[in-house]
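The next block holds one structure in the form of structure tokens; read it before the comments.
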Amino acid sequence: MAYWLMKSEPDVYSIDDLERDATELWDGVRNYQARNFLTSMTLGDLAFFYHSNTKPPGIVGLMNIVETNVLDPTQFDPASKYYDPKSPKDNPRWYTVTVGYVETFNTVITLDQLKATFTPDELWVVRRGNRLSVMPVEDGVAEKLLGMAR
DNA sequence: GCCAACGTTGGC
DNA sequence: GCCAACGTTGGC
């Protein structure tokens with residue numbers, strides 16, 4: 001079982017939205033490196049939910065992966081902001097996962113705390129200028145994060 | 001295949 | 001709202 005970190009702007013989709021919905025198709029990722037991480041996820045993997053573009057940014061909870069290699073339907077929807085007219089219908093570019101709600105942490109693990117605890121090599125989210133929205137988290141780092149959250 | 005222009009992300 | 005970082009696009 002692997003650990004991941006996935007970002008979302010809470011104004012767009014938050015941990016509270018996921019708690020309400022129970023599961024959600026994680027659509028709209030349009031970056032190849034992030035897509036490759038999504039397609040390498042397996043059932044039962046756990047993912048930290050990170051709120052970006054908010055005050056304070058940080059890890060707010062935990063999700064699990066309940067469905068893998070799901071076609072992202074928004075790539076074929078001209079009305080969607082994630083529409084990708086260059087994605088071939090017979091060889092779609094964008095696959096993702098369905099996530100399930102696991103828990104909301106009692107306190108946000110803020111970006112400041114993350115920077116104080118982990119090096120940029122240990123946790124990519126503290127890398128300067130990092131824009132990747134899906135990234136792996138090493139087991140040891142994940143266990144430390146769970147300890148900080150509880 | 002290079003690289004300038006452009007668009008987006010995301011912290012501050 | 002600003003702007004640094006950086007991925008993508010498109011002209012050549």
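Note that these values count all heavy atoms, side chains included, but never hydrogens, waters or copies made by symmetry. Order of the sequence lines fixes the chain letters, A, B, ..., with proteins taken first and strands second; residue numbering starts at 1 for each chain.
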dG10(B), OP1 or OP2 - any side-chain N/O from Lys7(A) closer than 4.0 Å?
yes
note: Trp94(A), atom CH2; dT8(C), atom C1'; distance rounded to Å ~ 10 Å
Nearest whole angstrom, please: distance from the P of dC2(C) to the CG of Asn53(A).
16 Å
Centroid separation Trp26(A) to Phe49(A) less than 6.0 Å:
yes
Give the intermediate values and the outcome of salt bridge (Lys or Arg N to Asp or Glu O under 4.0 Å) for residues Glu103(A) and Arg150(A).
CA-CA 11 Å; Glu103(A) 68 175 291; Arg150(A) 290 165 176 159; 2.3 Å; yes
Heavy-atom nearest nucleotide on DNA chain C for Asn31(A) versus Lys86(A): which residue maps closer to 5'?
Asn31(A)
Once you round it to whole Å, what is the distance between P of dC6(C) and CH2 of Trp124(A)?
13 Å
Judged by atom type as modelled, is there a donor-acceptor pair below 3.5 Å linking the side chain of Glu143(A) to the main-chain atoms of Gly140(A)?
no
Arg128(A) atom CZ is separated from dC12(B) atom P, nearest whole Å, by 10 Å
dist Leu114(A):CG -> Phe48(A):CZ (nearest 0.5 Å) comes out at 10.0 Å
Carefully, step by step, assess Arg30(A) and Asp72(A) under the rule salt bridge (Lys or Arg N to Asp or Glu O under 4.0 Å).
CA-CA 10 Å; Arg30(A) 294 293 178 269; Asp72(A) 183 342; 3.0 Å; yes
When rounded to whole Å, the CG to P distance for the pair Asn130(A) and dG10(B) reads 8 Å
Show, in sequence, the C-alpha distance, side-chain angles and deciding distance for Lys115(A) and Asp112(A), and conclude whether the salt bridge (Lys or Arg N to Asp or Glu O under 4.0 Å) test is met.
CA-CA 5 Å; Lys115(A) 284 177 174 169; Asp112(A) 281 347; 5.1 Å; no
Distance in angstrom units between Gln33(A) CD and dA5(C) P, rounded:
18 Å
About how many Å separate OH of Tyr95(A) and CZ of Arg35(A), when rounded to the nearest 0.5 Å?
10.0 Å
Tell me: CE of Met135(A) to P of dG7(C), nearest whole Å?
13 Å
Please list, by residue number, the residues of residues 107-118 of chain A whose heavy atoms come closer than 4.0 Å to an atom of DNA chain C; answer none if no residue qualifies.
none
Output yes when at least one side-chain N/O atom of Tyr50(A) is less than 4.0 Å from OP1 or OP2 of dT9(B), else no.
no
Figure out the CG/C1' separation between Asn36(A) and dG7(C), and round it to whole Å.
14 Å
